[in-house]
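Chain A is the first sequence line, chain B the second, and so forth, proteins listed ahead of strands; every chain is numbered from 1.
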Amino acid sequence: MKKYVKKLCVKNVEFLREDYILLRLSDPHDTLPEMLPGQFVQIAVEGSPATFLRRPISINFVDKEKNEFDLLIHAVGDGTRALTRLQEGNTLSCIYPLGNGFRIPPIDEGKKKFLLVGGGVGTAPMLLYGQCLKAAGHEPTFLLGGRSRRDILELERFENIGRTFVTTEDAGMGEKGFVTHHSIWQTETFDSVATCGPKPMMMAVGRMARARQTECFVSLENLMACGVGACLCCVEKTVKGNVCVCTEGPVFNINDLTWE
Amino acid sequence: MAQLAINIGNLSLRNPVMTASGTFGYGLEFTDFIDLNRLGAYIVKGTTLLPRQGNDYPRMAETASGMLNCVGLQNKGVDYFCKEIYPQLKDFKSHAIVNVSGSTPEDYAECAARVAELEKIPAIELNISCPNVHDGGMAFGVSCAGAASVVKAVRAAYPKTLIVKLSPNVTDISEIARAVEAEGADSVSLINTLMGMSVDIERRKSNLSIGTGGLSGPCVKPIALRMVHQVAKAVKIPVIGLGGIMNAEDAIEFIMCGATAIQVGTANFIDPAVTMKIIDGMNDWCDQHGVKNIYEIIGVI
């Protein structure tokens, strides 16, 4: 897929929480390129003297009709905090779409059931993945985890796409515990599992899927500099050796990783 | 239109803008963003005789105006380059130059000899300055005797243009430059990265898997300029300057300090199209300042 470096226009900045924004971007001059779920954007950060590199942010939602797309940004450091100060009408230098993306099987291979498991800002690519799976005729089910109710973001948008289940560690919403404790693992079977979030969560989901002999794909978010496979900083150990998360990932079949 | 063409040894470049090894992949990673044919030359990533896995993750730490890396020469080896990559590069109009690294003078020389067989690769850049590998790399580049031993071995095996990339992690870089010039290097490029550290104070650990890394980006530019200036006065062979070049004005600074050509490195990570802007910007600067030929300003300081 061709990559672009473009100045995109900020259409809207919505605070979902004091440290989470939903950033809506548009290309004022061209039709947006095709973007796959799991792919990401490298954003240039301005107004943060301590920030030198771009920030990789995964694509959360695409609205082709309006020629807009959303990024969910968690302000965790100087760079992402500076992004929360963006305002409607600002322009933003973006390199995109980057990475491989999740696979969407052709529907003529049969309608499939997908369990999409997200935690924290890792829920971002799950929304787009669900959106694309549903559009292709498949059945996505979401499982979102957080410490408490306030960690569960964009719930309505998930519910608009598919059945959505929640776990919270304090039992403030959905079932109590981690995503791997949810009863859906016992009551239903899925053809495919996908997950994005904190590494311990992804590893636990991977073990659950493996125990059920269900294929499992994870989206990694290793630290990276370039995003295009040049700097070799974002590598993950795989059965093929060290590979770049930015080009050979961020989506990996769990069987290709060397996780225990 | 100013005349930007320059020569490095027997090698003619359409303009002085090259890309730095390890920041530009094999060049192919950037063809969505730029026209490779417009570059003076592009230097492909550090290549060794045998494949290397590099260091463990994490390999990168951001700093206020730059970054540290400890990639450690991950590459698939020279045979992979010759079979899989070279056929994809050989038809571009600008020169592909291979950055060659190794652990002993013998394997540097053998790697160079393999690359010498590739008709459309007119030059190599010898990496005797990688701070991120234990065996070889910078170990050779920090002493005159070590640097000379590698250059001597490679010179005997490699008949085309030989550029030697120097480490700034030394007391007197001009001594090393003179030592490699004496062994027949056609050019020197400098600087490689400066060794540095970055600490995660919560975990009380280094942010880099091997503890240290090489610092690059605009924060190293003043040091790089000083060293280019020093070396350009010390040797007769052409100097290639690099270290934190982000725009055409930075590039002109290096030229004025004595660099015949320049390399753009870390800036490629921030803006993958930056090299095109630098070429255009250098041309504009020359036009605006009545400089008809870039040689008029090389080493004016």
Side-chain angles (χ1 to χ4, degrees), chain A residues 1-7 33 41-46 48-56 76-80 82 93-99 199 220-249 257-259, chain B residues 19-34 42 44-46 51-76 132 207-209 213 215-219 244 246 265-274 276-277:
Chain A
M1 286 175 76
K2 186 171 162 61
K3 308 177 199 59
Y4 299 86
V5 53
K6 288 225 171 185
K7 293 260 187 216
V41 181
Q42 277 274 60
I43 298 186
V45 179
E46 286 177 25
S48 172
T51 306
F52 177 66
L53 299 167
R54 287 172 182 261
R55 289 294 179 269
V76 286
D78 290 333
T80 42
S93 168
C94 295
I95 308 175
Y96 79 117
L98 302 175
K199 197 164 179 180
L220 305 182
E221 46 177 17
N222 293 11
L223 282 174
M224 58 182 67
C226 71
V228 298
C231 71
L232 307 184
C233 287
C234 64
V235 292
E236 181 72 20
K237 274 201 177 111
T238 70
V239 292
K240 292 190 293 178
N242 286 327
V243 304
C244 285
V245 166
C246 66
T247 50
E248 309 219 12
L257 300 176
T258 55
W259 293 359
Chain B
T19 57
S21 174
T23 66
F24 202 63
Y26 291 119
L28 302 165
E29 291 84 347
F30 287 79
T31 51
D32 279 349
F33 309 111
I34 64 166
Y42 55 102
V44 303
K45 67 173 85 173
R52 281 190 191 231
Q53 278 300 312
N55 293 317
D56 282 346
Y57 179 88
R59 294 175 169 186
M60 189 271 285
E62 186 179 33
T63 72
S65 51
M67 60 178 280
L68 291 152
N69 88 81
C70 62
V71 171
L73 292 176
Q74 178 179 331
N75 78 100
K76 292 182 177 169
N132 298 323
N207 280 315
L208 296 162
S209 65
L215 182 64
S216 65
C219 53
M246 300 297 285
T266 306
N268 290 306
F269 301 158
I270 313 296
D271 178 0
V274 70
M276 301 295 107
K277 295 171 189 168

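Residue contact with chain A, scored on non-hydrogen atoms closer than 4.5 Å, is absent for B:T31. Proximity to chain B (any heavy atom under 4.5 Å) is shown, for A:D78, by neither the backbone nor the side chain.
When each of B:G27, B:G66, B:G54 is scored by its heavy-atom pairs under 4.5 Å with chain A, the top score falls to B:G66.
Nearest approach of A:C231 to B:V71, heavy atoms of both residues: O-CG2, 3.3 Å. Heavy-atom minimum distance, B:F269 versus A:A230: CE2-CB, 4.4 Å. Considering all non-hydrogen atoms of both residues, B:M67 and A:A225 come closest at CE-CB, 3.9 Å. Contact record, B:R59 with A:L232: NH1-O, 2.7 Å, taken as the closest heavy-atom pair. Contact record, A:V228 with B:F30: CG2-CZ, 4.0 Å, taken as the closest heavy-atom pair.
A distance-only check finds a donor-acceptor pair linking the side chain of A:K2 to the backbone of B:D32 [under 3.5 Å].
With sequence neighbours left out, the side chain to side chain contact (heavy atoms under 4.5 Å, CB included) criterion links A:P56 to A:F40, A:Q42, A:M224. Annotation: salt bridge (charged side-chain N to carboxylate O under 4.0 Å, His left out) contacts of B:E62 (sequence neighbours excluded): A:R55.
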Next on the checklist: side chain to side chain contact (heavy atoms under 4.5 Å, CB included) for B:E29 and A:T247? Distances and angles first, verdict last.
Outcome noted: CA-CA 10 Å; B:E29 291 84 347; A:T247 50; over 6 Å; no
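No more than 12 heavy atoms of other residues, nucleotides or ligands lie within 6.0 Å of CD in A:E46, so this atom counts as exposed by the packing criterion.
Within the 4.5 Å cutoff, the side chain of B:I270 has heavy atoms near those of the A:F52 side chain. You'll find the side chain of B:F33 reaches within 4.5 Å of the side chain of A:K3, heavy atoms only. Put simply, the side chain of A:K237 reaches to within 4.5 Å of the side chain of B:D56, judged on heavy atoms.
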